[in-house]
Amino acid sequence: MVSSILLQQSINCFICNHQVLSLALFLSRSCKYLFINSNVLFWLKSMELKQLGRKLNNGFGEKRPNLMEKCTSSRRIGGIKARGAVNAIETASSPTAFPFFQTESQQEDTPASKLELADPEFYKMGFVRSMRAYGVEFREGPNGFGVYAAKDIEPTRRAKVVMEIPLELMLTISQKTPWMFFPDIIPVGHPIFDIINSTNPETDWDLRMACLLLYAFDHDKNFWQLYSDFLPSEEECTSLLLATEDDLKELHDENLASTMRSEKARALEFWEKNWHSAMPLKVKRLARDPQRFIWAVSMAQTRHINFRIRVGSLIQDANMFAPYADMLNHSCQPNCFFHWRFRDRMFEVMTNAGQRIKKGEEMTVNYMSGQRNNMLMQRYGFSSPSNPWDVLPFSGNAKIHLDSFLSVFNISGSHEDYYLNAKVANGGDSFVDGAVLAAARTLPTWSEGDIPAIPSIEIKAVKALQEECKQILGEYSTTSKQDQHILDSTPEMSWTREAAIKYRLHRKLFVEKVIQALDIYQDRILF
Ligand SMILES: C[S@@+](CC[C@H](N)C(=O)[O-])C[C@H]1O[C@@H](n2cnc3c(N)ncnc32)[C@H](O)[C@@H]1O
C-alpha cells in the first residue's frame, strides 16, 4: 500500500472503476520522484501534470490530430534516430548473462539518459488504472519507444517483477472458437462480432486483433482510446504491410517482398468484404479507409502477444494486446520475460533470475526464438546483423571441423543454445556475437568422433566456403558500404524504407562476418 508520500502543492485522487483503487497521488509541481513502498516507480523528470484537457476521440476511431502530431514529433526526436551506428554491435555492453552482446535494439550508441522520457501522461493514464512499473522507465529511442532500467537491478535468485498490467487494460481474444474476449467488451449482436466470427481460426488472428483494436478505440471510455496516442502512427510503424512498392524493392529479397504483397492483399480483401457501403455506421466508422485497417493489422502483427492465461477455472490460449509491455523491444538475449499471475489476473514483465541490469540498460524480450531475419522482417519490420539464427545457403561440398571452429571461438553449449563461454574466453571476446553463433550453426561442418582437423584440408575448405560467401555478396546490386552510405545520407527516409535497406545491409554484414570468422579460424588452427 501507499506509504508516506510527499505533498507540496497538488493532490490528485483517482478512484478506479471496479478495482476500487483508492490512490492518493501527491505530486509536487517540481517533484522528480514518486515513491511507493520505497520503490522508485517512475522518474518523472521535471514532471508537470497537465490537466486532462485532452479532447478524447469522438469515438470514430480516427487519428486525433493534436496528440498524434505530438506523438509523431516526439517519437522522432532530432538526432536520436541515429542511422550511422548499425555496425556498432561489437561495443561492449554492461555485464549480463551474455556479456558479449549488446541488445539488437541498443545497437545504436545513444545512452539511455539522452533519450527522451515518455510524456508523464503515458504513465499516469495506466497508473490510475492499476498498471505498475517498478524501476523502469519508458523512453523514445532509435527504435521508437523502449523500456529502460531506471536504476541498477541486482541479480536475484528469483525473477523480479518490473511491470504489472491488469487484465482489464488488455485486449484479448481466444485463439480458437468459441471466441472469448477478456475483458468482454464486444456486446452480443454487434456486427463486429460477426466479422470476427467469419475469420479463419487457424490463420486470421491478426485480422481479428485488428477488428478488436479498432473496436476498442470506438468503445466509450475504453483505455485504448488514451493508449492509442502512444502507438506508432502509420508513418512511424516499421511493418512492411505499410511499405510502398518501392520500399519492398529495396529489400533485395523477392520472396519476402512477394509475401508482404500477398499479406497486404489479404488485409485489403478482408476490409473490402466487410467495410462495404451496406454495413452499419458502427462498423464503417471503425476503419473508414483501407489504410486505417491495414495500420490496425500492422499493430496486431507488431505488438500482439500469444499467451496462455487462466481466468477463473478457464485456461485460455489467447492473442493479446498488453499495453506498456508492448513497448519492450526485442533481443535474442533478452533480460525480461512475460508471466501470467493468475491470483489477481495480472500480466507481468519479469527480469530473468540472476540477471544484472545496469541503470539505463534496455529491457528486452525475445519476440521470436530461433527465427531468421526474414521472419522478423515479415512480422515486425526489423532485422539484426547479429541474429544468431540466420542461415546461409551453402551448396558446395566444403566442410570445416565443427569442434575446432567452436573451440577457436570459445563457443559452448549444444547446437540449439550455443553461447560464448566467457570464462574460457578470458572475460569476453568482442568479435564473437550472434552472427558468429549463427556461423557455427550454418557453416557446413563435419565431426567424426575424436578425429582431429588436418590444417591443410581445413584451410582448403575455408577458402571454398569464403568463395561461396563472396558469391552471395556478388548477387546484390549494392555493397554494404553503399547501403550504409544511403542510410547515412538520407535522414528523412521513411521508417519502412529504412527498415528495408537495413535488412539487406544486415544480410551483407552477416555474410562479411562469416568471411571474417573463417579468416580467424584458419589463422588460429595453424597456430
Ligand atoms: C512491440 S513494438 C515495441 C515498441 C516499439 N518500439 C514502439 O515504439 O512502440 C515492436 C516494434 O518495435 C520495433 N523494434 C522492436 N525491437 C527492435 C529491434 N531489436 N530492432 C529494431 N526495431 C525493433 C519494431 O519497429 C517493431 O515492429
Side-chain angles (χ1 to χ4, degrees), residues 68 71-72 74-77 80-83 85-86 88-89 93 101-108 110 115-119 122 136 138-148 163 165 170 206 209 213 227-243 260 295 297-307 319-336 338 347 349 362-369 371 373 375-389 433-434 487 494-503 505-506:
M68 287 309 276
C71 205
T72 301
S74 62
R75 275 176 166 265
R76 283 197 172 226
I77 311 155
I80 284 178
K81 197 162 187 290
R83 297 176 190 279
V86 283
I89 50 175
S93 69
F101 285 127
Q102 195 169 23
T103 67
E104 288 96 286
S105 186
Q106 266 191 317
Q107 282 152 21
E108 322 212 12
T110 321
L115 303 176
E116 189 96 346
L117 277 165
D119 190 300
F122 180 70
V136 297
F138 298 82
R139 289 179 180 268
E140 297 170 272
N143 301 316
F145 265 88
V147 183
Y148 296 85
M163 267 191 233
I165 299 115
M170 305 196 317
D206 52 347
M209 292 300 277
L213 184 67
Y227 194 71
S228 67
D229 292 336
F230 297 91
L231 294 176
S233 66
E234 228 173 82
E235 294 74 38
E236 294 159 335
C237 182
T238 58
S239 167
L240 292 180
L241 284 178
L242 298 164
M260 293 320 302
W295 171 81
V297 178
S298 71
M299 286 302 105
Q301 293 208 350
T302 57
R303 314 185 80 81
H304 112 288
I305 298 162
N306 247 333
F307 215 72
N319 293 122
M320 53 172 63
F321 284 112
Y324 299 98
D326 69 352
M327 293 300 178
L328 285 151
N329 286 319
H330 161 91
S331 170
C332 291
Q333 285 75 43
N335 44 26
C336 294
F338 297 137
F347 188 73
V349 179
E362 183 161 16
M363 321 288 279
T364 52
V365 288
N366 193 339
Y367 291 180
M368 273 185 156
S369 186
Q371 294 293 345
N373 274 345
M375 293 308 292
L376 286 173
M377 267 315 268
Q378 185 181 322
R379 173 72 76 78
Y380 299 99
F382 73 88
S383 55
S384 162
S386 53
N387 181 343
W389 298 100
D433 63 3
L487 290 168
S494 72
W495 284 65
T496 42
R497 177 69 60 92
E498 179 180 326
I501 296 178
K502 277 186 173 174
Y503 171 69
L505 168 63
H506 291 167

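Indexing begins at 1, ligand by ligand and atom by atom, following the structure's order.
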Kindly assign one of parallel, tilted or perpendicular to the pair Tyr367 and Phe382, based on the angle between their ring planes and the thresholds 30° and 60°.
perpendicular

Below 4.5 Å, heavy atoms only, C-beta onward: do Pro232 and Met299 meet side chain to side chain?
yes

Mind checking whether Tyr367 has a heavy atom under 4.0 Å from ligand 1?
yes

Just let me know how Phe145 lines up against ligand 1, side chain, backbone, both or neither, with a heavy-atom cut-off below 4.0 Å.
both

May I ask you to identify, for Leu328, whether its side chain, its backbone, both or neither come under 4.0 Å of ligand 1 on a heavy-atom basis?
backbone

State whether a side-chain donor-acceptor pair under 3.5 Å links Asn329 with Asn143.
no

Looking at [X], which atoms of ligand 1 are within less than 4.0 Å of one of its heavy atoms?
X: Asn329; answer: 3 (C), 4 (C), 5 (C), 6 (N), 12 (O), 13 (C), 14 (N), 15 (C), 16 (N)
X: Met327; answer: 4 (C), 9 (O)
X: Thr238; answer: 24 (C), 25 (O), 27 (O)

Kindly give the heavy-atom pair with the smallest separation between Met363 and Leu328, and that separation in Å.
O-CD2, 3.3 Å

Under 3.5 Å, side chain of Asn366 to main-chain N/O of Gln333, donor-acceptor pair present?
no

So, does Ser298 use its side chain to make a donor-acceptor pair with the main chain of Leu242 at under 3.5 Å?
no

Ligand 1 and Thr302, any nitrogen or oxygen pair closer than 3.5 angstrom?
no

Pairs of nitrogen or oxygen atoms closer than 3.5 Å, one from Ser383 and one from ligand 1: do any exist?
no

If you compare Thr364, Thr496, Asp326 by their heavy atoms, the one closest to atom 3 (C) of ligand 1 turns out to be Asp326

When Phe347, Phe145, Phe138, Phe230 are each screened for side-chain contact (heavy atoms from CB on, under 4.5 Å) with Tyr324, the one that passes is Phe138

